Amino acid sequence: MGSPDGDNAPVGRPRQTPTGSARPIADELTAMLDGRFPGLVGMRILTASASAVTGDLRVREELLAPNGYLHAAAVVALADTVCGVGARLALPTEAAGFTTLELKTNYLGTARSGTVTVDATLVHGGRRTQVWDATVRDDAGRAIAIFRCTQMVLYPTAPQQHSLSRSELCKTETEQA
């Protein structure tokens, strides 16, 4: 199952960041997740701004590890998704996007039922990087994971211009050899 544009083409296109103009921003952001991994596993955005985002995920059997506890990857995915939503909202206006440089999770507990909630806050919002911290909690409000990620802010680049054509460049390299 490849891309409609060919086997090596991306299978999907980036989605626009909602503005909250049509309905509440949290609803628009949750809808943005639909049909992609976060939406498929049931993640929701509850509140969102450029400095703080809250989301949740209902614990279901499909999200459990074989040992019967919430899979660690589900916890990381929830925290990373909510921080990513915040990163989108906090991008400088001239930025084209972002990508994760680093993430770290400390697990303090787990969940077997209920809903896990994550609160993410912007720690550093620079021109080139953002740092987000998040705490994932179980239904009782106990912290089950502490998460931190660093996002690299991406900017559009101008097309590269060479003074030599490709054939002239190859000829010059051959002459130097």
Side-chain angles (χ1 to χ4, degrees), residues 1-4 7-18 20 23-91 97-125 129-152 154:
M1 189 194 279
S3 163
D7 288 339
N8 292 326
V11 295
R13 306 270 187 264
R15 294 184 174 168
Q16 293 288 2
T17 301
R23 56 187 168 157
I25 188 74
D27 294 345
E28 286 187 2
L29 289 164
T30 297
M32 178 188 71
L33 304 177
D34 287 346
R36 302 286 171 95
F37 177 75
L40 294 174
V41 298
M43 294 179 198
R44 298 182 313 155
I45 303 301
L46 304 176
T47 63
S49 72
S51 61
V53 181
T54 299
D56 72 4
L57 176 65
R58 188 175 59 80
V59 178
R60 308 184 317 272
E61 187 169 355
E62 301 87 10
L63 301 178
L64 301 181
N67 64 5
Y69 293 99
L70 183 61
H71 199 290
V75 174
V76 170
L78 176 62
D80 186 50
T81 297
V82 170
C83 289
V85 165
R88 288 176 77 123
L89 297 174
L91 285 175
F98 72 94
T99 191
T100 302
L101 285 175
E102 178 181 41
L103 56 82
K104 164 110 171 79
T105 306
N106 290 83
Y107 296 96
L108 309 172
T110 190
R112 298 183 79 176
S113 63
T115 299
V116 290
T117 305
V118 60
D119 293 305
T121 55
L122 178 64
V123 176
H124 164 75
T129 61
Q130 294 181 15
V131 177
W132 285 81
D133 281 350
T135 302
V136 182
R137 298 182 183 282
D138 65 13
D139 266 346
R142 289 182 297 253
I144 64 169
I146 298 170
F147 176 90
R148 173 171 272 193
C149 64
T150 303
Q151 307 293 356
M152 178 173 61
L154 304 174

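Owing to the predicted nature of the structure, the values given are computational and were not obtained by experimental measurement.
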More than 12 heavy atoms of other residues, nucleotides or ligands under 6.0 Å from OH of Tyr69: is that the case?
no
Taken to the nearest 0.5 Å, the spacing of Asn67 CG from Thr110 OG1 works out to 7.5 Å
Here the pair of heavy atoms bringing Leu122 nearest to Ala50 is CD2-O, 3.7 Å
Give a yes or no answer on whether the side chain of Thr30 reaches the backbone of Ile45 with a donor-acceptor pair at less than 3.5 Å.
yes
Exercise: identify the closest heavy-atom pair between Leu29 and Ala48:
CD1-CB, 3.4 Å
Chi angles and distances behind the side-chain contact (heavy atoms from CB on, under 4.5 Å) call for Val76, Tyr107:
CA-CA 10 Å; Val76 170; Tyr107 296 96; 2.9 Å; yes
Donor-acceptor pairs under 3.5 Å, side chain of residues 83-90 to any protein atom, not counting sequence neighbours: which ones?
| from | atom 1 | to | atom 2 | distance (Å) |
| --- | --- | --- | --- | --- |
| Arg88 | NE | Thr17 | OG1 | 2.9 |
| Arg88 | NH2 | Arg15 | O | 2.4 |
| Arg88 | NH2 | Thr17 | OG1 | 3.0 |

How many angstroms lie between atom CZ of Arg44 and atom CG of Asp56, to the nearest 0.5 angstrom?
4.0 Å
Which heavy atom of Ile25 sits nearest to which heavy atom of Gly20, and what is that distance?
CD1-N, 3.4 Å
Closest non-hydrogen atom pair, Ala74 against Leu63:
CB-O, 4.4 Å
Hey, could you give me the CD/OG1 distance between Gln151 and Thr100, rounded to the nearest 0.5 Å?
3.5 Å
Looking at every heavy atom in both Leu91 and Gly97, which two are closest together, and how far apart are they?
CD2-O, 3.6 Å
Quick one: CZ on Arg142 to CZ on Arg137, what's the gap to the nearest 0.5 Å?
11.0 Å
Rounded at 0.5 Å granularity, tell me how far NZ in Lys104 sits from CZ in Arg148.
11.0 Å
Using side-chain heavy atoms (C-beta onward) and a distance below 4.5 Å, is Leu64 in contact with Val59?
yes
Can you give me the closest heavy-atom contact between Met43 and Leu33, atom names plus distance?
O-CD1, 3.9 Å
Value for OG1 (Thr135) from CD1 (Ile146), rounded to nearest 0.5 Å, stands at 5.5 Å
Is it the case that more than 12 heavy atoms not belonging to Glu62 sit under 6.0 Å from its CD atom?
yes
Using atom types as modelled, flag every donor-acceptor pair under 3.5 Å from a side chain in residues 112-120 to any protein atom, sequence neighbours excluded.
| from | atom 1 | to | atom 2 | distance (Å) |
| --- | --- | --- | --- | --- |
| Arg112 | NE | Gly68 | O | 3.1 |
| Asp119 | OD1 | Thr54 | OG1 | 2.7 |

